[in-house]
**Student:** 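First the structure, then my questions, so here it is.
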Amino acid sequence: MMLTDLTLIAARDGLRAKRFSARELTAAHIAAAEALNPLLNAFITLTPESALAQADAADAALARGDAGPLAGLPLAIKDLFCTEGVRTTAGSRMLADFIPPYESTVTANLLRDGAVFLGKANLDEFAMGSSNMTSAFGAVQNPWRRAGDAAPLVPGGSSGGSAAAVAARLALGATGTDTGGSIRQPAAFCGLAGIKPTYGRCSRYGIVAFASSLDQAGPIARSVADCAALLGAMAGFDAKDSTSADRPVPDYVAACGRSLRGLRIGVPREYRAPGMAAEIETLWETGKAWLREAGAEIVDVSLPHTKYGLATYYIVAPAEASSNLARYDGVRFGLRETGEDLTEMYERTRAAGFGAEVRRRILIGTYVLSAGYYDAYYLRAQQVRALILRDFTEAFATVDAILTPTAPSAAFAQGEKMDDPVAMYLNDIFTVPASMAGVPAMSVPAGLDARGLPLGLQVIGRPFDEAGVFAVASAIERAAGFADVPAVRAGAVP
Ligand code: GLN
């Protein structure tokens, strides 16, 4: 077995047992990334020198016996997290040369625990998208291929570089962010586990803002326990984010093997999408059977406002984005184009800096916030958002967790859905309700479709019950026994 094939937990144990060094582990991942990144484009920036220096520091700490919980484990960091002294682009021309003078809290927490950063992972521009096609640094390829078909597929988005890097064995795990599905959908498309924790669980400090009332950081990794180990490091109260929750972070890894006996799992009848593949329906049924066998009781629940989830998300998220992205005006951050006067400088800078999808979001957001339309769109959407949350609150009065598919399809081909934004937005139909409600939700790889592509199931939990989500997700993981690997990966001939 190659070092790059280990799970994060197995690599941690191997380091502690001195079976290999952090330098060897990191060097193996750097070699894999250097070999495959030209094809996959999973990383915008690779930082091999600082990664090896961090690995050496981890080896020294391991030798001294005071190593942190993630010492020497190589990760990919979504290029939306500010990293001190390392270019942070948000996948945009606007920030192509932005070098943050400070570190985000989540990445600082990972560094505190000894993690090694291999580089900055590609993403949809400003995290807006479901395909990683909107990055100013080029599309990312999914390491998976349809059986007998070499056509490049999308890795999902917006954390597509993070997911592609982990699936192709270029990193043991990655950070992602999820505003409406950007951790869960790419995890599902790439055969990985990924969790969006409760809003407030991870600090947003130093994460380039998209829609601040929805944005949450979380991990993507090859196993549920790997995600648990990463989230344990990433989460925690931070005075620098006023929405950060001041609550103890439980031992998530310990929650992974927990029995489901006596748990009630809800299945919402409204989670159906037009044109959803029959095999996703079948997989959902299989998921219910697995949970029953693990001792849980399956109950029907109703989340009646689910049908408004997508429509309200695509009002609230662009509204907040239009406000957050107002700061990119050429004055203080990033790109500046010259103009005859201030207005022309603004216009030229924003026209040159933002891609088509980001512009579309700014236009939609500005429209729904403008006088005369505010009440009809933004205010209504906020009211419906409260109803979506109420649906979940009522469901969680009778069930401990909720099981749904993660996405209505498997990975699609690059270029598909590009001329129809609504078709693209439909990817998020099962992920946005949990985002609107702020509750934790995880995607677990559960099987393959008829063409050999991974499909995920989603577990949604009560606010701050990530431990419960990990328990249910790991039961699915055990029952599914998902062990398939993508065609393009470290050690395989691309
Ligand atoms: N696909 C969704 C969007 O485009 C979600 C993105 C995200 O979660 N960052 O807005």
Side-chain angles (χ1 to χ4, degrees), residues 78-81 90-92 106 121-135 139-140 154-163 174-190 194-197 199 202 204 207-220 273 309-322 324-325 354-365 368 381 385 406-409 411-412 416-418 420-443 456 458:
K78 186 177 186 178
D79 207 14
L80 200 65
F81 291 82
S92 182
V106 162
N122 207 339
L123 69 158
D124 279 300
E125 186 176 6
F126 283 103
M128 298 173 190
S130 310
S131 65
N132 223 297
M133 296 295 291
T134 74
S135 169
V140 175
V154 303
S158 64
S159 312
S162 299
T175 64
T177 63
D178 190 313
T179 303
S182 279
I183 289 174
R184 292 161 283 162
Q185 184 253 20
F189 277 20
C190 293
I195 181 166
K196 177 199 89 72
Y199 183 79
C202 288
R204 289 181 296 108
I207 300 174
V208 176
F210 165 8
S212 304
S213 76
L214 297 156
D215 297 344
Q216 256 303 290
I220 295 178
L310 212 53
T312 48
Y313 171 84
Y314 277 98
I315 291 172
V316 172
E320 295 183 15
S322 70
N324 272 326
L325 271 57
F354 293 136
E357 184 58 29
V358 173
R359 284 189 225 176
R360 174 159 37 234
R361 305 281 179 122
I362 293 173
L363 288 171
I364 295 170
V368 300
R385 182 177 187 178
T406 305
S409 75
F412 46 91
E416 253 176 62
K417 305 182 204 264
M418 287 305 286
D420 183 354
V422 175
M424 190 66 87
Y425 298 168
L426 264 170
N427 269 285
D428 310 326
I429 191 158
F430 298 145
T431 49
V432 293
S435 302
M436 295 298 270
V439 294
M442 176 161 208
S443 182
Q458 176 177 233

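Remember, it's 1-based here, ligands and their atoms both numbered in the order they're listed. Fair warning: this is a prediction, and the values are worked out from it, not measured in the lab.
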**Student:** Quick one: does Ala317 get a heavy atom under 4.0 Å from ligand 1?
**Tutor:**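 Ala317: no contact with ligand 1 (<4.0 Å).
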**Student:** Just need the protein heavy atom nearest to atom 2 (C) of ligand 1, so name the residue and atom and give the distance.
**Tutor:**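 The protein heavy atom lying closest is Asp428 OD2, 3.1 Å.
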**Student:** When rounded to the nearest 0.5 angstrom, what is the spacing between CG in Asp178 and CD1 in Ile220?
**Tutor:** 8.5 Å
**Student:** Taking a cutoff of less than 4.0 Å between a non-hydrogen atom of the residue and any ligand atom, is Tyr313 in contact with ligand 1?
**Tutor:**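 A heavy atom of Tyr313 does come that close to ligand 1.
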**Student:** Looking only at atom types and distance, does a side-chain atom of Asp420 sit under 3.5 Å from a main-chain N or O of Lys417, one as donor and one as acceptor?
**Tutor:** no
**Student:** Can you list the atoms of ligand 1 that are under 4.0 Å from a heavy atom of Asp178?
**Tutor:** 8 (O)
**Student:** Answer yes or no: is there a side-chain heavy-atom contact under 4.5 Å between Gln185 and Ser443?
**Tutor:** no
**Student:** Does ligand 1 have a heavy atom under 4.0 Å from the side chain of Glu357, from its backbone, from both, or from neither?
**Tutor:**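 No part of Glu357 comes within reach of ligand 1.
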**Student:** Among all protein heavy atoms in this structure, tell me which lies nearest to atom 1 (N) of ligand 1, with the distance rounded to 0.1 Å.
**Tutor:**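 Nearest protein contact, heavy atoms only, for atom 1 (N) of ligand 1 is Ser130 OG, 2.8 Å.
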**Student:** Using a strict 4.0 Å cut-off to heavy atoms of Ala127, name the atoms of ligand 1 that fall inside it.
**Tutor:** 6 (C), 7 (C), 9 (N)
**Student:** For the backbone of Leu214 and the side chain of Ser435, can you confirm whether one donor and one acceptor N or O come within less than 3.5 Å of each other?
**Tutor:** no
**Student:** Return yes or no for this condition: an N or O of Gly180 is under 3.5 Å from an N or O of ligand 1.
**Tutor:**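 Yes, there is a polar N/O contact under 3.5 Å.
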**Student:** Below 3.5 Å, N or O to N or O, backbone or side chain included: is there any such pair between Gly129 and ligand 1?
**Tutor:** yes
**Student:** Any side-chain to backbone donor/acceptor pair from Ser182 onto Thr179? Under 3.5 Å, distance only.
**Tutor:**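 Side chain of Ser182 to backbone of Thr179, a donor-acceptor pair under 3.5 Å: no, none is there.
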**Student:** May I ask you to check whether Phe210 has an N/O atom sitting below 3.5 Å from an N/O atom of ligand 1?
**Tutor:** no
**Student:** Nearest to atom 3 (C) of ligand 1, what protein heavy atom do you find, and at what distance?
**Tutor:**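 For this ligand atom, the closest protein heavy atom is Tyr314 OH, 3.2 Å.
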**Student:** Please check if the side chain of Thr134 supplies one atom and the backbone of Glu125 the other of a donor-acceptor pair under 3.5 Å.
**Tutor:**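 Yes, because the side chain of Thr134 sits within donor-acceptor range (under 3.5 Å) of the backbone of Glu125.
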**Student:** Of the protein's non-hydrogen atoms, which lies at the shortest distance from atom 6 (C) of ligand 1, and what is that distance?
**Tutor:**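 Nearest protein contact, heavy atoms only, for atom 6 (C) of ligand 1 is Ser182 OG, 2.8 Å.
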**Student:** Mind checking whether Phe189 and Phe412 have ring centres under 6.0 Å apart?
**Tutor:**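 Under 6.0 Å, so yes.
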**Student:** Any side-chain heavy atom of Arg361 sitting closer than 4.5 Å to one from Tyr314?
**Tutor:** yes
**Student:** For ligand 1, which atoms, with element, lie under 4.0 Å from some heavy atom of Ser158?
**Tutor:**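 Taking each heavy atom of Ser158 in turn, ligand 1 has 9 (N) under 4.0 Å.
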**Student:** Give a yes or no answer on whether the side chain of Thr431 reaches the backbone of Gly180 with a donor-acceptor pair at less than 3.5 Å.
**Tutor:** yes
**Student:** So is Gln185 close enough to ligand 1, meaning a heavy atom under 4.0 angstrom away?
**Tutor:**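 Not so, Gln185 does not reach ligand 1.
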